[in-house]
Amino acid sequence: MQSYEHKEIEKKWQEAWERENIYKTPLQSKEKKKYYVLAEFTYPSGNLHVGHWYAFTGPDIYARYMRMKGYNVFYPNGYDAFGLPAENAAIERGLNPRIWTRGNIETMQKQFNTLGASFDSSSMLETCDPKYYKWTQWMFLKFKERGFAYQANTPVNWCPSCKTVLANEQVHQGHCDRCDNIVEQRAMKQWMMAITKYADKLYDDLNNLQWPESIKEAQRNWIGRTYGSRISFSISSSTKNENNTIDIFTTRADTLFGVTYIVLAPEHPYITKLIESNALENIIEVREYISATQKKSNLDRTSNKEKTGVQLKGIIAINPANGGEMSVWIADYVLADYGTGAVMAVPAHDERDFEFAKKYNLEIKNVISYINSSLDKNTAMIHDGVLVNSGEFSGMSSNEARTKITKHVNGKMTKMYRMRDWVLSRQRYWGTPIPIIHCSKCGAVSVPEKDLPVVLPDLDDFMPREDGKSPLSKATDWVNVMCPICGEKAERETDTMDTFIDSSWYFLRFLDPNNAETFSDKNIMEKWMPVDFYFGGAEHTTMHLLYSRFWHKVLFDIGLVGDNEPYLRRINRGLILGSDGNKMSKSKGNVIDPDEVVSKLGADTVRMYLAFMGPYGEVGNYPWDPNGVVGVHRFLERVWRTHNILSKENIPSTTKLLHKTIGHVERSITELKYNTAISGLMIFMNHIEKEKSITHDVYKTFLQLLAPFAPHITEELWRMFGETTSIHLSQWPVVDETLLHDDEVTIAVQVNGKVRGQIVVGVRELEKNVVDKAFNDVKVANFLEGKKVLKQIYVPGKIINFVV
RNA sequence: GCCGGGAUGGCGGAAUUGGCAGACGCACACGACUCAAAAUCGUGCGGAGUAAUCCAUGGGAGUUCGAUUCUCCCUCCCGGCACCA
């Protein structure tokens, strides 16, 4: 018979599957239980690389397995087509981003076809398609109606290289997530999403999700919920008759008696008021400090931990606990946008306050004593203990005192979040236009629903600008419109949306990508949501994964979707590294081109190899081993050759191993241990080669087990046996439990916990007989000679241990 | 600093969750086939030792008849957060 011609076989079946439409999901069908497998959709960056193969074969194996298990599986694919990198790449090449993106999608679509993935191709969508972003805009307006989308003048992250603002999530250690440049702070009026309103829901509902603990924990860290107290300090001026209060947030209300000064962030709004009312004696000094702070980037501000500050001379604060008078300062170690932008300083029990107090010679008052002497002397100061010098609260534990003291000074127990609202405006061309018209009379007016979508105009010059204005502002024909309310001259909003908004709801549109009446059919969503299994990359943990949960929760509260969480199970895959163990990069010259390997060894081989490298669900990073791929290819060739040794006669040991293998492969797939599933298949194959015989039925069952991993070769062989429907639509084999039963079992014999021999015994053999047999084993006998057995432990089917 | 996850042969990784550590694959060595090479097949392959045997799952203690698995301490690596009050 002919040899394994992967090229021919793969092309043939890819075309046939498409023609026969075998992966089209009957979304309306009620016969089978639904299962929605989602892989993060693709950014059309140019070419499919190994990472794409890895990202899509993992979920594909799962989808194929679930389909064979009898589920109605939906596994869609599309393109996250708007965005900065595409725009940057287009600029570099002097192309319009639309053309650049179009070309990439076409190339990548062709490459996707070679992967042998079981996508439902009718679900295809692109976020840059007006048919899609019409609904992105529609949702934005719904969010705005309810106050979740709002405009605010706030300090924002500005990337001087990408020339746009960024959300906090898109800044890492002070650097732009896209281009790695240092991010500046600018005060700009921007559209924001009130994600902090959902902080508690986002935090608490994590408990209901089947997600790896590491992902949940990363989101909790990002949300950063802290419990504490909000306490008011009254402020008075020594010269003016000026009285006011400043609210602070603290987790350590128990240390209130130890507060010796108050610090405000330089941006605190009260300072402007003080300057205006001329209440300060050192206005010039204060102004200088504020402008010096403004010049610093956040990175400067946080990386230089040397404390600086200026006293607000002319005002004092009163400690509400004991009436003591204290100085008030501004210092840039206090952040304007966390808590209330003001802190009470307890230098005796806070390292930062301590440092500041030392530098400016401020009082340090100890109010906590530590019973736990095991604490390090240097860090003990910040721990809980027992109150001293705290009036009636002296002697109380920190924990108890926190609530009691807060109550005593009319404070409030409250919580704070590290997460900030999501800045969604982008001063870039290639994104969904924000559907707003600015009217000098009516303000920011929503574009009426009938006028949606606001189509992104074609521009010749879409270069980003230094001045913080969007390139769209140059499209004057497009910008100048009538106000939908008053009919006067007005201007369109020229910023576009963060692409993370586009991707916050795409999985809903997959279900109904061509609907012109609504963003997705309600009945279909009801049946298919939430997503059962979401596969993606770790980089989205505190970005897309958080944003889309927020988005979905709002849709749920508005009544547009029926679930408050979009994804039940989630997994972050690892990274495929170059052969040298480094991240693949052109500069290192260690990039593996999947197309090359596929043409040489075939898609089935590449898929199998990727699955075989290690467990899929853990963020393991696996180096690509060119020899390893060849090893997997060898295996497939052996599978192919096996059709030459078909026989009529069944070997009992083969049947038994087959059923063991069914169970093993099944368990491994559900646990995403594709590597052990494949090793099980290899073990079975090794057995067949040794026996040099296999029956049709056993071979076919084996092919079914292999089918999710190597869909083409298995289909070819399956049909060779006269099957007329696809192996991928066949029923997953059922384990015959009665065959798994062993009559005899090999158990280890231990002496003092060390293995000294092996014996074969009947499964239900009496302990007495097993002991006899063990004693008669020559090697064991050697170790028992002249010794007295004190105790014996017999675990049936596993082990017998003699303690001597 | 806080939180989460890790560490097993030359390499990727197995180990039914407390019961024979190193499955499966790669690499390597030897052998068969070949004029030769490749491919293929066979054998071996954690370390030491001729062997019996001993030592080995990052290091140290502990629990246990028995620990890669559980507990405590330490080292290192990866990831998240971080002047967040």
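For clarity, every value in this text was computed on a predicted model and none was experimentally measured.
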> Relative to the 5' end of RNA chain B, which residue comes earlier, A:Glu355 or A:Arg641, by the nucleotide with the nearest heavy atom?
Replying inline: A:Arg641
> If you pin A:Ser679 and A:Thr251 to their nearest nucleotides in RNA chain B, which one's is more 5'?
Replying inline: A:Ser679
> Would you call B:G9 syn or anti, using the 90° rule around 0?
Replying inline: syn
Looking only at atom [atom1], what distance separates [N] and [M], rounded to whole Å?
{"N": "B:U63", "M": "B:C55", "atom1": "C1'", "value": "23 Å"}
{"N": "B:C11", "M": "B:G5", "atom1": "P", "value": "26 Å"}
{"N": "B:A14", "M": "B:G9", "atom1": "C1'", "value": "13 Å"}
{"N": "B:A36", "M": "B:U43", "atom1": "P", "value": "23 Å"}
{"N": "B:A48", "M": "B:U16", "atom1": "C1'", "value": "32 Å"}
{"N": "B:C28", "M": "B:A39", "atom1": "P", "value": "10 Å"}
{"N": "B:A15", "M": "B:A85", "atom1": "C1'", "value": "49 Å"}

Can you tell which of [options] lies closest to the side chain of [X]?
{"X": "A:Lys673", "options": "B:G12, B:C41, B:A15", "answer": "B:A15"}
{"X": "A:His172", "options": "B:G13, B:C83, B:C81", "answer": "B:C81"}
{"X": "A:Thr302", "options": "B:A85, B:C83, B:A14", "answer": "B:C83"}
{"X": "A:Met682", "options": "B:G13, B:C24, B:A85", "answer": "B:C24"}
{"X": "A:Arg638", "options": "B:G25, B:U40, B:C81", "answer": "B:G25"}
{"X": "A:Arg418", "options": "B:A85, B:C20, B:C83", "answer": "B:A85"}
{"X": "A:Thr676", "options": "B:A85, B:A15, B:C24", "answer": "B:A15"}
{"X": "A:Asn627", "options": "B:A85, B:C83, B:A27", "answer": "B:A27"}

For [Y], is there an ion pair with [X] - N to carboxylate O distance below 4.0 angstrom?
{"X": "A:Arg402", "Y": "A:Asp384", "result": "yes"}
{"X": "A:Asp350", "Y": "A:Arg252", "result": "no"}
{"X": "A:Lys673", "Y": "A:Glu671", "result": "yes"}
{"X": "A:Glu744", "Y": "A:Lys773", "result": "no"}
{"X": "A:Arg634", "Y": "A:Glu637", "result": "no"}

> Among residues 536-548 of chain A, which residues get a heavy atom nearer than 4.0 Å to RNA chain B?
Replying inline: none
Gap between atoms [atom1] and [atom2], on [X] and [N] respectively (whole Å):
{"X": "A:Ile678", "N": "B:G12", "atom1": "CD1", "atom2": "P", "value": "18 Å"}
{"X": "A:Met344", "N": "B:A85", "atom1": "CE", "atom2": "P", "value": "12 Å"}
{"X": "A:His175", "N": "B:C81", "atom1": "NE2", "atom2": "P", "value": "14 Å"}
{"X": "A:Lys216", "N": "B:G80", "atom1": "NZ", "atom2": "C1'", "value": "16 Å"}
{"X": "A:Asn686", "N": "B:G25", "atom1": "CG", "atom2": "C1'", "value": "10 Å"}
{"X": "A:Glu637", "N": "B:C41", "atom1": "CD", "atom2": "C1'", "value": "14 Å"}
{"X": "A:Lys583", "N": "B:C78", "atom1": "NZ", "atom2": "P", "value": "14 Å"}
{"X": "A:Trp222", "N": "B:G80", "atom1": "CH2", "atom2": "P", "value": "11 Å"}

For a quick test of your reading: what N or O donor-acceptor pairs under 3.5 Å do the side chains of residues 574-583 of chain A make, sequence neighbours left out?
from	atom 1	to	atom 2	distance (Å)
A:Ser579	OG	A:Trp624	O	3.2
A:Asp580	OD1	A:Asn582	N	3.0
A:Asp580	OD1	A:Asn590	ND2	3.0
A:Asp580	OD2	A:Asn582	ND2	3.3
A:Asp580	OD2	A:Asn590	ND2	3.4

> Do A:Lys307 and A:Tyr333 meet the cation-pi criteria used here (NZ or CZ under 6.0 Å from the six-membered ring centre, within 45° of the axis)?
Replying inline: yes
Measure all distances between protein nitrogen or oxygen atoms and nitrogen or oxygen atoms of nucleotides 3-11 of chain B, and list the pairs falling under 3.5 Å.
from	atom 1	to	atom 2	distance (Å)
B:C3	O2'	A:Glu217	OE2	2.9

According to a strict under-4.0 Å criterion, is [X] in side-chain N/O contact with OP1 or OP2 of [N]?
{"X": "A:Asn675", "N": "B:C24", "value": "no"}
{"X": "A:Arg756", "N": "B:C54", "value": "yes"}
{"X": "A:Tyr338", "N": "B:A85", "value": "yes"}
{"X": "A:Arg667", "N": "B:U16", "value": "no"}

Side chains of residues 335-342 of chain A: which donor-acceptor pairs under 3.5 Å do they make with residues two or more places apart or in other chains?
from	atom 1	to	atom 2	distance (Å)
A:Asp337	OD1	A:Arg420	NH1	3.0
A:Asp337	OD2	A:Arg420	NH1	3.0
A:Thr340	OG1	A:Asp247	O	2.7
A:Thr340	OG1	A:Ala342	N	3.4
A:Thr340	OG1	A:Ala342	O	3.3

Enumerate all atom pairs, one protein N or O and one N or O from nucleotides 62-72 of chain B, separated by less than 3.5 Å.
from	atom 1	to	atom 2	distance (Å)
B:C65	OP1	A:Lys791	NZ	3.3
B:C65	O2'	A:Asn801	ND2	3.3
B:C65	O2	A:Asn801	ND2	2.3

> Once you round to the nearest 0.5 Å, how far does OG1 of A:Thr605 lie from CZ of A:Phe612?
Replying inline: 13.0 Å
>> Any N or O donor-acceptor pair under 3.5 Å from the base of B:C20 to the side chain of A:Lys798?
In response: no
>> What's A:Arg220 touching, base or sugar-phosphate or nothing? Going by heavy atoms closer than 4.0 Å.
In response: nothing
> For RNA chain B, which consecutive runs of 3 or more Watson-Crick or G-U pairs (each distance under 3.5 Å) count as stems?
Replying inline: B:1-7 with B:75-81, B:10-12 with B:24-26, B:28-32 with B:40-44, B:46-48 with B:53-55, B:58-62 with B:70-74
